[in-house]
J.: 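One structure coming up, written as structure tokens, with questions to follow.
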2 protein chains.
Amino acid sequence: MIFSKRCLHALRAVLYVGTQPPERDYIPIREISTKLDIPFHFLTKILKDLADQGFIESSRGAAGGIRLAKPTAELNVKEIIESIEGEDYFSGCILGFSKCDAANPCALHDRWVAIKEEIQKMLGEEHLESLSTRIQEQGLRLLEM
Amino acid sequence: MIFSKRCLHALRAVLYVGTQPPERDYIPIREISTKLDIPFHFLTKILKDLADQGFIESSRGAAGGIRLAKPTAELNVKEIIESIEGEDYFSGCILGFSKCDAANPCALHDRWVAIKEEIQKMLGEEHLESLSTRIQEQGLRLLEM
DNA sequence: TTTAATTAAGACAAAAAGGTCTGATTTAGA
DNA sequence: TCTAAATCAGACCTTTTTGTCTTAATTAAA
Ligand code: FES
Ligand code: FES
């Protein structure tokens, strides 16, 4: 499971925001870029897309930046990934056929479907709250790559 | 799980060869290219790599082409994929950290490790024989994309 | 020995992904 | 009202991936 750089940058950025003290409002993108070592202008574009998708909100000007647009419990990991990699990222055929179709399966279909359902279940259950809590309580890695 | 075009072309090509009648020796790349609708010269390069890796053998000249270098039961799907996507394709961190490390886990580590072990187990069990048999006996799709 | 069929090699091009830069716009606060 | 700090917009560049083209080398068979 190799996500694109865009996707990894996006996930790490929202995790960074999600683990900030609640009294903070907008977080400057420059801060996220520096802390996570993500190219600033590239990150700006990625976050603009996330804002357009409704995951985060942004504010220009002094004291501006980004903040989460919903409670962390409602920011689902699978949804964020799919908004970047494409809606059918987790539903496609593992051998690359046009559509994963039980009525016209490929040679790995049965075995793959079982696994990809687990992946979707797992990522569908995880949201920014569960991840942020784990990061904070267990001191999990987020800053270094 | 999105494999690169290189990888998908490679898998489909060896599956095509593996499902040919046993009396056929070398299969021309042009035939594979046409049947599977894969760009000929691109496929040539991909198959050259597979030949260098020892999965297939090639012969130039008239009556030339490629054939499998080992019995189908010894041509493992995971190995083929890893030879193209990289040895650590299935072992990396889902959040893109430098190394998936239980001693320094990311926020999805525990959940992801369980799934990726299943993926590795599944692909490690599948080989050209199991896939070819399924394709032939059940008439599974291989030609169209 | 010639010819046709084939892979090998490598230059090149096109498309996609990743990244940089400059300037415009917006905002809070001095 | 001015200024500094920030996002937004879009042109541009670089790298990787994907694909094309031409030519050389090899092989079987006429
Ligand atoms: S058809 Fe290939 S995975 Fe379902
Ligand atoms: S450290 Fe991220 S999956 Fe293991």
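Naming: A, B, ... by sequence-line order, numbering from 1 per chain. Just the heavy atoms: all of them, side chains too, but no hydrogens, waters or symmetry mates, feed the values below.
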J.: Taking atom P of dT6(C) as reference, at what distance in whole Å does atom CG of Leu43(B) sit?
T.: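 So the two atoms are 14 Å apart, to the nearest Å.
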J.: Provide, to the nearest angstrom, the distance between the CG atom belonging to Asp49(B) and the P atom belonging to dT7(C).
T.: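 Nearest whole value for this atom pair: 15 Å.
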J.: Suppose we screen for side-chain contact (heavy atoms from CB on, under 4.5 Å). Which residues come up paired with Glu82(A), at least two apart in sequence or across chains?
T.: Lys78(A), Glu87(A), Phe90(A)
J.: To the nearest angstrom, how far is Leu8(A) atom CG from dG19(C) atom P?
T.: 11 Å
J.: Does OP1 or OP2 of dT6(C) have a side-chain N or O of Ser58(B) closer than 4.0 Å?
T.: no
J.: Find the distance Ile46(A):CD1 to dT7(D):C1' and express it as a whole number of Å.
T.: 15 Å
J.: Does any pair with a residue in residues 38-48 of chain B pass side chain to side chain donor-acceptor pair (under 3.5 Å), and if so which ones, sequence neighbours excluded?
T.: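 For residues 38-48 of chain B: Lys48(B)-Asp52(B).
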J.: For Ile46(B), what are the other residues in its hydrophobic cluster, where any two members join if their side-chain heavy atoms are less than 4.5 angstrom apart?
T.: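 Joined to Ile46(B), directly or through intermediates: Phe42(B).
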J.: In this structure, how many angstroms lie between the P atom of dA17(C) and the CD1 atom of Ile2(B), rounded?
T.: 12 Å
J.: Check this for me, if you would: do Asp49(B) and Arg6(B) make a salt bridge, where the nitrogen-to-carboxylate-oxygen distance has to be below 4.0 angstrom?
T.: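 Salt bridge present between Asp49(B) and Arg6(B).
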J.: Starting from Val113(A), walk the hydrophobic network (Ile, Leu, Val, Met, Phe, Trp, Tyr; side-chain heavy atoms closer than 4.5 Å) and list everyone else you reach, by chain and number.
T.: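 Answer for Val113(A): none, a lone residue.
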J.: Can you tabulate the close N/O pairs, meaning under 3.5 Å, that link protein atoms to atoms of nucleotides 28-30 of chain C?
T.:
unit_1	atom_1	unit_2	atom_2	d
dA28(C)	O4'	Ala62(A)	O	3.4

J.: Give me the distances for all protein-to-nucleotides 17-20 of chain D N/O pairs that come in under 3.5 Å?
T.:
unit_1	atom_1	unit_2	atom_2	d
dT18(D)	OP1	Lys5(B)	N	3.0
dG19(D)	OP2	His9(B)	NE2	3.3
dG19(D)	O6	Lys45(B)	NZ	3.0
dT20(D)	O4	Lys45(B)	NZ	2.9

J.: Can you list every side chain to side chain donor-acceptor pair (under 3.5 Å) pair that touches residues 21-31 of chain B, not counting sequence neighbours?
T.: Tyr16(B)-Glu31(B), Gln20(B)-Arg24(B), Arg24(B)-Glu31(B), Asp25(B)-Arg67(B), Tyr26(B)-Arg67(B)
J.: What's the shortest heavy-atom distance between Pro39(A) and Ser33(A), and which atoms?
T.: C-OG, 4.1 Å
J.: Quickly work out the Ile38(A) CD1 to dG19(C) P distance and round it to whole Å.
T.: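 Answer to the nearest Å: 10 Å.
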J.: When you measure from every atom of DNA chain D, which of residues 13-32 of chain A have a heavy atom less than 4.0 Å away?
T.: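 Contacting residues: Pro28(A), Ile29(A).
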J.: Apply side-chain contact (heavy atoms from CB on, under 4.5 Å) to Thr19(B) and list each qualifying residue two or more places apart in sequence or on a separate chain.
T.: Ser132(B), Ile135(B), Gln136(B), Leu142(B)
J.: Kindly write out the residues that satisfy side-chain hydrogen bond (donor to acceptor under 3.5 Å, both in side chains) with Lys121(A), not counting sequence neighbours, or none if the list is empty.
T.: Glu125(A)
J.: Can you name the side-chain contact (heavy atoms from CB on, under 4.5 Å) partners of Glu129(B), sequence neighbours left out?
T.: Thr72(B), Ala73(B), His127(B), Thr133(B)
J.: For Glu85(A), which residues count as a side-chain contact (heavy atoms from CB on, under 4.5 Å) partner, sequence neighbours excluded?
T.: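 Glu85(A) satisfies side-chain contact (heavy atoms from CB on, under 4.5 Å) with Phe3(A), Ser4(A), Cys7(A), Ile81(A), Tyr89(A) only.
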J.: Could you give the NZ-to-P distance, from Lys48(B) to dT26(D), as a whole number of Å?
T.: 13 Å
J.: Can you check the Leu47(B) CG to dA8(C) P distance for me, whole Å?
T.: 9 Å
